[in-house]
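What follows is one structure encoded as structure tokens, with my remarks underneath.
Below, chain A is the first sequence line, B the second, and so on; all start at residue 1.
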2 protein chains.
Amino acid sequence: MRRGKPNDPGRRARILQATLEVIRDGGIEAASYRGVAAHAGVPLGSMTYYFPTLEGLIVSALDTTRSDLEPRYAAPLREARTLADVVDALVEATIGATSPTLDDIRLYEDIRHHGARNPEIADVLQAVEDDALVMLHRVVPNNTALAINALLWGWWSHRLAHPDTALDELIVRQAFEALVTLPAPGHPFHEQEQNHA
Amino acid sequence: MRRGKPNDPGRRARILQATLEVIRDGGIEAASYRGVAAHAGVPLGSMTYYFPTLEGLIVSALDTTRSDLEPRYAAPLREARTLADVVDALVEATIGATSPTLDDIRLYEDIRHHGARNPEIADVLQAVEDDALVMLHRVVPNNTALAINALLWGWWSHRLAHPDTALDELIVRQAFEALVTLPAPGHPFHEQEQNHA
DNA sequence: ACCAAATGTGTACACTTGTACATATTAGTG
DNA sequence: CACTAATATGTACAAGTGTACACATTTGGT
């Protein structure tokens, strides 16, 4: 008998990666079996062998993005000690070094877009967003985390809609500062913050 | 000769409306000549007669949404007298009576999504957003308007991603209040606001 | 009534899509 | 070396697409 060792190990992974690349620069609707096959350099049959249904392939590919988000966006937040650190991390995530490229934002928007009508992808989406919220919740009250998350997404979305106009760092910072210090009785930092930064 | 009077006047408009309806509950990719034709009760030939290219039809249909946005969202803002009024209008636009339904939000997201890769639709998008910004700019400094716009879109987007969880009005209000009162030297309201509301 | 031009419509074509499936190739076990 | 099952692949098909276009119908002016 034969135990399941693939003839070309890593082919599955290569297909997934190729799928994401195709989606990244053509949108989800550009992800066809044949297109991805060509891009990955595998025959059509390989596609349907590893991923019997196209929807499954797409969901799997999108799911791999979850791990990309963590180091970029969540990690700096985790290390924030003061509210000023939190604001710094948020500004960075919006327009700074750890912020997503326009292609990435487009990708996220693709996921959101598709998730609005496809339950499986909605799950991926919810998971990503929950990760972010949990992270934020460590340094800020629950509802505030919601607002911050909304604003962050709004800024990203704005960048995508206005690719040529750079966002002014000052306003981004001020906006996050305003949200971070929203009234919230009995939460960490909030009482002795003034003398920290 | 004949001067151009259609045999069935209003057919063009009916096609546009049907297109928007199809898009509204199936997404842009659901808008096919045949599908819309069936929905509008016109033969396929009529479609290509009035709209020789599908892309043109879609752009035209999406363009009609611009006029819908004005009374809903912009009008209440125009009548705002104090900053408190502005906040009220924004809260209403986010989760209140003048706020878009989930279907509408999905539609906006469709437009944004498609606009990210299609220049013609990007124009429509930019126009809509500029309208909103101009309106906001009447009551709030320029950069602040950007932030508010971003947050508003973020809230809408959040609603779409979490259809079952209602947003808490208090946090929405507080968040907008925080942004609206951002430091902005020499702008209307800002000096004597405290005693207004 | 006649005609030209605008409006309206059915059919056909070339193309792409997801997916099924018969067939070929490989790898490990006995 | 066989034998079997997993892995790999090319082809075929039905369904759907945008669009072109020949044809029919209506309209208004003469």
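At least one side-chain heavy atom of B:Ile148 sits under 4.5 Å from a side-chain heavy atom of B:Val180. Taking 4.5 Å as the limit, some side-chain heavy atom of A:Asp8 sits within range of a side-chain heavy atom of A:Arg14. For the pair A:Arg173/A:Asp88, a side-chain contact is recorded, criterion being any heavy-atom separation below 4.5 Å from C-beta on.
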Begin from the C-alpha positions of A:His114 and A:Asp110 and carry the test side-chain contact (heavy atoms from CB on, under 4.5 Å) through to its verdict.
CA-CA 6 Å; A:His114 221 67; A:Asp110 262 352; over 6 Å; no
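Within residues 111-122 of chain B, no residue is approached by DNA chain C to less than 4.0 Å at the level of any non-hydrogen atom. A heavy atom lying under 4.0 Å from DNA chain D marks the following residues of residues 8-21 of chain A, by number: A:Asp8, A:Arg11. For DNA chain D, the neighbouring residues in residues 38-48 of chain B, judged by any heavy atom under 4.0 Å, are B:Leu44, B:Thr48.
With sequence neighbours excluded, no residue forms a ring pair (Phe, Tyr, Trp, His ring centres under 6.0 Å) with A:His39. Residues passing the side-chain hydrogen bond (donor to acceptor under 3.5 Å, both in side chains) test with B:Thr98: none are found, sequence neighbours excluded.
For B:Tyr49 and D:dA24, the OH to C1' distance is 14 Å, given to the nearest whole Å. The CZ atom of A:Arg34 sits 11 Å away from the C1' atom of D:dG10 (whole-angstrom rounding). Between the CZ atom of B:Phe51 and the C1' atom of D:dA20 there is a distance of 19 Å, rounded to whole Å.
Classified by interplanar angle (parallel below 30°, tilted 30° to 60°, perpendicular above 60°), the ring pair A:Trp155/A:His158 is perpendicular. Using bins of under 30°, 30° to 60° and over 60° for the plane-to-plane angle, the ring pair A:Trp153/A:Tyr108 lands in the tilted bin.
B:Tyr50 comes within contact range of the sugar-phosphate backbone alone, with a heavy-atom separation under 4.0 Å but no base atom that close.
Side-chain proximity of A:Leu54 to the nucleotides D:dA8, C:dT19, D:dT19 is greatest for C:dT19.
Under 4.0 angstrom from either OP1 or OP2 of D:dT17 there lies no side-chain N or O belonging to B:Tyr33.
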Pairs under 3.5 angstrom only: tabulate donor-acceptor contacts from the side chains of residues 55-64 of chain A to other protein residues two or more places apart or in another chain.
| unit_1 | atom_1 | unit_2 | atom_2 | d |
| --- | --- | --- | --- | --- |
| A:Glu55 | OE2 | A:Asn118 | ND2 | 2.3 |
| A:Ser60 | OG | A:Gly56 | O | 2.9 |
| A:Thr64 | OG1 | A:Ala61 | O | 2.5 |

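Here the CG-CG distance, from B:Leu167 to A:Asn143, works out to 9.0 Å after rounding to the nearest 0.5 Å.
The pair A:Arg112-A:Glu129 counts as a salt bridge, with a side-chain nitrogen and a carboxylate oxygen less than 4.0 angstrom apart.
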